[in-house]
Q: 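The structure's right below; bear with me while I get my questions together.
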Amino acid sequence: MAAIKRGNKIVCIGRNYADHIAELNSARPKQPFFFQKPTSSILLPGAGPVIRPRGVNLHYEVELALILGKQVKDLDAADEQGALDAVESYALSIDMTARNAQNEAKKKGLPWDISKGFDTFLPLSQKIAKSAIPDPHKIELYLTVNGEPRQSDSTELMLFRIPRILSDISKVMTLEAGDIILTGTPKGVGPVVPGDVMRAGIKIDGKELEEAKIEVAVEESTSSYVYAET
């Protein structure tokens, strides 16, 4: 997994589950909508807590991550086999978001980079072999906070499936081996505060996938940064 942190880019699909769109009062996209997180935001398994910057309303978003094994450029959205062949492995991820910073950016038409890009803002599970997930469009993602269920939904609810996701991204930017694609989060996103412990995972036909488990605590930052409006 250490090599993952040296990857080229992390591309994130936004608004890919209808109920999540509704809970944030966002507009439903007509095509896949994506943004990037820096590789420095990756938090490897066992590498420590998620750090909440001071003044930030910190939200969790559990997502299935694709780890690419080869270059993808101008992929045809109808090429389902080509899309799945480009995926080297999977991982579970938690796309941590500074929600107040993101809301300000939306309101003012500013980039979202700050809200998504802090160090530790992308906890990842261990790599998951493709053979462990026969159908990535038919798994259950879940997340709990202090043992309380917060998110639990099937990837069957994705508005845009993996071939369309990879197609649309690869028509804009060449995807390369080692790139990570986050496929969107289902409903149930919400805040965490220092002292909370997040646990997340994947179930297939009701059975827990051991290598997908994430357990990570939240701590307050001691850095000089304090969120303030732009």
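Quantities reported herein were computed from a predicted structural model and do not represent experimental measurements.
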Q: Is the count of non-hydrogen atoms from other residues, nucleotides or ligands lying under 6.0 Å from Asp135 atom CG greater than 12?
A: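 Atom CG in Asp135 is crowded, with more than 12 foreign heavy atoms closer than 6.0 Å.
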
Q: With heavy-atom distances below 4.5 Å as the criterion, would you say the side chains of Ile180 and Ile42 are in contact?
A: yes

Q: Show me the pairs that pass ring pair (Phe, Tyr, Trp, His ring centres under 6.0 Å) and involve residues 74-115, at least two apart or across chains.
A: Phe33-Trp112, Phe35-Trp112

Q: Any heavy-atom pair between the side chains of Glu211 and Pro45 that's under 4.5 Å?
A: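 Heavy-atom side-chain distance check fails, nothing below 4.5 Å.
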
Q: Mind listing the closest non-hydrogen atom pair of Ala86 and Val72 along with its distance?
A: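 Heavy atoms only, the tightest pair is CB-CG2, 3.5 Å.
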
Q: Among Arg150, Lys203, Glu208, find the residue that satisfies the side-chain hydrogen bond (donor to acceptor under 3.5 Å, both in side chains) test when tested with Tyr142.
A: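 Of Arg150, Lys203, Glu208, side-chain hydrogen bond (donor to acceptor under 3.5 Å, both in side chains) with Tyr142 is met by Glu208 alone.
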
Q: Determine the minimum heavy-atom distance between Glu176 and Asp179, stating which atoms define it.
A: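 So the two residues come closest at N-OD2, 2.8 Å.
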
Q: Work out which heavy atom in Ala105 is nearest to a heavy atom in Pro111; give both atom names and the distance.
A: CB-O, 3.4 Å

Q: So Glu229 and Lys107, side-chain contact (heavy atoms from CB on, under 4.5 Å) or not? Walk me through it.
A: CA-CA 11 Å; Glu229 286 195 18; Lys107 183 178 179 180; over 6 Å; no

Q: Hey, could you give me the NZ/CG distance between Lys9 and Leu175, rounded to the nearest 0.5 Å?
A: 5.5 Å

Q: Has Asn146 got a side-chain atom pairing as donor or acceptor with Asp196's backbone, closer than 3.5 angstrom?
A: no

Q: With a 4.5 Å limit on heavy-atom distance, are the side chains of Leu141 and Gln151 in contact?
A: no

Q: Side chains of Asp79 and Ser167: closer than 4.5 Å at any heavy-atom pair?
A: no

Q: Can you see which heavy atom on Thr174 is nearest to which on Gln71, and at what distance?
A: CG2-CG, 3.5 Å

Q: Does any part of the side chain of Leu24, heavy atoms only, come nearer than 4.5 Å to the side chain of Arg99, both counted from C-beta?
A: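 They are in contact (side-chain heavy atoms under 4.5 Å apart), so the answer is yes.
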
Q: Quick one: do Ile21 and Leu159 satisfy side-chain contact (heavy atoms from CB on, under 4.5 Å)? Show the steps, please.
A: CA-CA 11 Å; Ile21 293 170; Leu159 299 178; 3.6 Å; yes

Q: Looking just at side-chain N and O atoms, do Lys138 and Thr155 make a donor-acceptor pair shorter than 3.5 Å?
A: no

Q: Does Ala101 offer a backbone N or O that forms a donor-acceptor pair with the side chain of Ser115 under 3.5 Å?
A: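 Between the backbone of Ala101 and the side chain of Ser115 there is no qualifying donor-acceptor contact (under 3.5 Å).
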
Q: Ile67 and Ala91: which non-hydrogen atoms are nearest, and at how many Å?
A: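 Where Ile67 meets Ala91 most closely, the heavy atoms are CD1-CB, 4.2 Å.
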
Q: Can you name the residues that form a ring pair (Phe, Tyr, Trp, His ring centres under 6.0 Å) with Tyr225, not counting sequence neighbours?
A: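 Tyr225 satisfies ring pair (Phe, Tyr, Trp, His ring centres under 6.0 Å) with Phe118 only.
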
Q: Would you say the side chain of Val192 lies within less than 4.5 Å of the side chain of Val50, judging by non-hydrogen atoms?
A: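 No; the side chains remain at least 4.5 Å from each other.
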
Q: Return yes if a side-chain donor-acceptor contact under 3.5 Å exists between Ser152 and Glu140, otherwise no.
A: yes

Q: Heavy-atom distance under 4.5 Å between the side chains of Lys37 and Leu182, does that happen here?
A: yes

Q: Distance only, no hydrogens: is a donor on one side chain within 3.5 Å (strictly under) of an acceptor on the other, for Tyr227 and Glu104?
A: yes

Q: What pair of heavy atoms forms the shortest contact from Ser41 to Ile10, and how long is it?
A: OG-CD1, 4.4 Å

Q: Could you name each residue pair satisfying salt bridge (Lys or Arg N to Asp or Glu O under 4.0 Å) that touches residues 10-26, not counting sequence neighbours?
A: none

Q: Applying side-chain contact (heavy atoms from CB on, under 4.5 Å), run through Asp119 and Ile51 and close with a yes or a no.
A: CA-CA 8 Å; Asp119 290 353; Ile51 302 298; over 6 Å; no

Q: Report, as yes or no, whether the 6.0 Å neighbourhood of atom NZ on Lys108 holds more than 12 heavy atoms from other residues, nucleotides or ligands.
A: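 Buried by this count: over 12 neighbours within 6.0 Å.
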
Q: Is it the case that the side chain of Ser170 and the backbone of Leu75 share a donor-acceptor pair, with hydrogens and angles ignored and the cut-off at 3.5 Å?
A: yes

Q: So do Asp85 and Lys70 actually touch side chain to side chain, heavy atoms under 4.5 Å?
A: yes

Q: Step by step, work out the side-chain contact (heavy atoms from CB on, under 4.5 Å) result for Lys213 and Glu215.
A: CA-CA 7 Å; Lys213 289 182 178 178; Glu215 180 173 334; over 6 Å; no

Q: Spell out, yes or no, whether Ile133 and Leu68 are grouped together once hydrophobic residues are joined by side-chain heavy atoms under 4.5 Å, including indirect joins.
A: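 Linked within one cluster.
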
Q: Does any N or O in the side chain of His20 come within less than 3.5 Å of the main-chain N or O of Gly14, such that one atom is a donor and the other an acceptor?
A: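 Absent.
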
Q: Donor-acceptor pair, distance only, cut-off 3.5 Å: does the side chain of Ser221 make one with the backbone of Ser223?
A: yes

Q: Could you grab the distance from atom CD of Gln126 to atom CD1 of Ile214, nearest 0.5 Å is fine?
A: 10.0 Å

Q: Do you reckon Leu44 sits in the same ILVMFWY cluster as Phe121, going by side-chain contacts under 4.5 Å, direct or chained?
A: no

